[in-house]
Visitor: 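Got a structure here, written out as structure tokens. Questions coming.
On a predicted model such as this, the values are computed, not experimentally measured, just so you know.
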Amino acid sequence: MPARDLYHNKCRNALVRDGWNITHDPLRLKWGVKDMYVDLGAEKILAAEKAGQKIGVEIKSFIGASELSDIETAIGQYFVYRSVMSRTEPDRKLYLAVHKEVFLDIFEEPLGKLLIEDYHVPMIVFDFRTEEIVRWAE
């Protein structure tokens, strides 16, 4: 079982508060002989907005010694999971989840904006203090 991110439960609680049903914790993927784990799988059943949508959520804290290394790891991992999910879970959309301070410090800066613009990485931004989703960036 993979180690959980520092903000795993905060993000999980924020999704539940937003009306998502957590279906997998973690969401196991397998491709060839390689096993991998997306942090969460969720489904929205009742609310009109996003109803019937299934998502995978990879949570990142960006607490490493190098911000650039954290970005490279997060984006690289995101694309590995997205490639596998496109074949094994084609009805599920993968999101990268970060707390709002990380989003402001990294993804609202020119490099982060460039990556989001060029690679279309959908993001969930949550407040770890209130455990609420503050933004869906798609």
Visitor: Hey, could you give me the CG/CD1 distance between Leu111 and Ile106, rounded to the nearest 0.5 Å?
Guide: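 Nearest 0.5 Å value for the CG-CD1 distance: 9.0 Å.
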Visitor: Would you say Tyr95 ends up clustered with Val16 if hydrophobic residues are merged whenever their side chains have heavy atoms under 4.5 Å apart, either directly or through other cluster members?
Guide: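 Per the 4.5 Å side-chain linkage, Val16 and Tyr95 are co-clustered.
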Visitor: Can Val38 be reached from Met123 by stepping across I, L, V, M, F, W or Y side chains whose heavy atoms are under 4.5 Å apart?
Guide: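 Met123 and Val38: one cluster.
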Visitor: Rounded to the nearest 0.5 Å, what separates atom CG in Leu96 from atom CD in Glu58?
Guide: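 Interatomic distance, Leu96 CG to Glu58 CD, rounded to 0.5 Å: 7.5 Å.
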Visitor: Under 4.5 Å between side-chain heavy atoms, counting indirect links through other Ile/Leu/Val/Met/Phe/Trp/Tyr residues: same cluster for Val80 and Leu27 or not?
Guide: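 Same hydrophobic cluster.
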Visitor: Check whether any side-chain N or O of Thr23 sits under 3.5 Å from a backbone N or O of Glu43 as a donor-acceptor pair, and report yes or no.
Guide: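 Checked: no pair found.
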Visitor: Thr73: what forms a side chain to side chain contact (heavy atoms under 4.5 Å, CB included) with it, not counting sequence neighbours?
Guide: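 Result, side chain to side chain contact (heavy atoms under 4.5 Å, CB included) vs Thr73: Ser69.
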Visitor: Test side chain to side chain contact (heavy atoms under 4.5 Å, CB included) on Glu131 and Tyr7 and set out the steps.
Guide: CA-CA 10 Å; Glu131 298 183 349; Tyr7 296 102; over 6 Å; no
Visitor: With sequence neighbours left out, what residues match Lys30 under salt bridge (charged side-chain N to carboxylate O under 4.0 Å, His left out)?
Guide: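 Listed in chain order: Asp35.
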Visitor: Leu115 and Val121: side chain to side chain contact (heavy atoms under 4.5 Å, CB included), yes or no, with the steps?
Guide: CA-CA 8 Å; Leu115 295 171; Val121 178; 6.0 Å; no
Visitor: Side-chain heavy atoms nearer than 4.5 Å, only ILVMFWY residues, links allowed to pass through others: does that put Trp136 and Val125 together?
Guide: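 No, Trp136 and Val125 fall in different hydrophobic clusters.
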Visitor: Assess whether atom CZ of Phe79 is packed by more than 12 heavy atoms of other residues, nucleotides or ligands within 6.0 Å.
Guide: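 More than 12 heavy atoms, drawn from other residues, nucleotides or ligands, come within 6.0 Å of this atom.
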Visitor: Walk me through it: do Asp18 and Lys44 pass the test side chain to side chain contact (heavy atoms under 4.5 Å, CB included)?
Guide: CA-CA 9 Å; Asp18 199 52; Lys44 194 144 195 176; 3.7 Å; yes
Visitor: Please confirm whether the backbone N or O of Ile55 pairs with a side-chain atom of Arg92, one donor and one acceptor, at under 3.5 Å?
Guide: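 It does hold such a pair.
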Visitor: With sequence neighbours left out, what residues match His24 under side chain to side chain donor-acceptor pair (under 3.5 Å)?
Guide: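 Counting only residues at least two positions away or on another chain, His24 forms no side chain to side chain donor-acceptor pair (under 3.5 Å).
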Visitor: Return the NZ to CG distance between Lys10 and Leu15, rounded to the nearest 0.5 Å.
Guide: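 Interatomic distance, Lys10 NZ to Leu15 CG, rounded to 0.5 Å: 14.0 Å.
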Visitor: Going by salt bridge (charged side-chain N to carboxylate O under 4.0 Å, His left out), name the residues that satisfy it together with Arg129, two or more places apart in sequence or in a different chain.
Guide: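 Checked Arg129 against salt bridge (charged side-chain N to carboxylate O under 4.0 Å, His left out); matches are Glu101.
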Visitor: Who are the side chain to side chain donor-acceptor pair (under 3.5 Å) partners of Tyr81, not counting sequence neighbours?
Guide: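 Expected list: Gln77.
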Visitor: Can you tell me how far CG of Asn13 sits from CZ of Arg17, rounded to the nearest 0.5 angstrom?
Guide: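 Output value for this atom pair is 8.0 Å.
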Visitor: Return the set of residues passing side chain to side chain donor-acceptor pair (under 3.5 Å) with Thr130 (not counting sequence neighbours), or none when no residue passes.
Guide: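 Once residues adjacent in sequence are excluded, the partners of Thr130 under the side chain to side chain donor-acceptor pair (under 3.5 Å) criterion are Glu132.
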Visitor: With sequence neighbours left out, what residues match Asp127 under side chain to side chain donor-acceptor pair (under 3.5 Å)?
Guide: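 Asp127 satisfies side chain to side chain donor-acceptor pair (under 3.5 Å) with Lys100 once adjacent residues are dropped.
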Visitor: May I ask you to test the Tyr37-Leu29 pair for a side-chain heavy-atom distance under 4.5 Å?
Guide: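 No, too far: nothing below the 4.5 Å cut-off.
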Visitor: So do Ile59 and Cys11 actually touch side chain to side chain, heavy atoms under 4.5 Å?
Guide: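 Side-chain contact under 4.5 Å: yes.
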Visitor: How long is the straight-line distance from CD1 of Ile124 back to CG of Leu40, given to the nearest 0.5 Å?
Guide: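 Spacing of CG (Leu40) from CD1 (Ile124) equals 8.5 Å.
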Visitor: With a 4.0 Å cut-off on N to O distance, would you call Lys93 and Glu138 a salt bridge?
Guide: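 Yes.
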Visitor: Can you name the side chain to side chain contact (heavy atoms under 4.5 Å, CB included) partners of Asp70, sequence neighbours left out?
Guide: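 With neighbours one apart ignored, the set is Phe62.
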Visitor: I'd like to know if Arg4 and Asp25 make a salt bridge, using a cut-off of under 4.0 Å between side-chain N and carboxylate O.
Guide: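 A salt bridge is present here (some side-chain N lies under 4.0 Å from a carboxylate O).
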Visitor: Run the salt bridge (charged side-chain N to carboxylate O under 4.0 Å, His left out) test against Glu67 and tell me which residues pass, sequence neighbours left out.
Guide: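 For Glu67, no residue satisfies salt bridge (charged side-chain N to carboxylate O under 4.0 Å, His left out) once neighbours in sequence are set aside.
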Visitor: Quick one: CD on Glu109 to CD1 on Ile71, what's the gap to the nearest 0.5 Å?
Guide: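 CD1 of Ile71 is found 10.0 Å from CD of Glu109.
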Visitor: Partners of Glu108 by salt bridge (charged side-chain N to carboxylate O under 4.0 Å, His left out), sequence neighbours excluded?
Guide: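 Expected list: Arg135.
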Visitor: Of all residues at least two apart in sequence or in a different chain, which pass the ring-ring contact (aromatic ring centres under 6.0 Å, His included) check with Tyr78?
Guide: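 Expected list: none.
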Visitor: Is there a continuous path of hydrophobic side-chain contacts, each under 4.5 Å between heavy atoms, that joins Ile75 to Val57?
Guide: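 Hydrophobic grouping puts Ile75 apart from Val57.
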Visitor: Let's go through Val102 and Ser61 carefully: what are the C-alpha distance in whole Å and the side-chain angles of both, what is the deciding distance for side chain to side chain contact (heavy atoms under 4.5 Å, CB included) to 0.1 Å, and is it a yes or a no?
Guide: CA-CA 7 Å; Val102 166; Ser61 297; over 6 Å; no
Visitor: Partners of Ala14 by side chain to side chain contact (heavy atoms under 4.5 Å, CB included), sequence neighbours excluded?
Guide: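 Residues passing side chain to side chain contact (heavy atoms under 4.5 Å, CB included) with Ala14: Phe126, Ile133.
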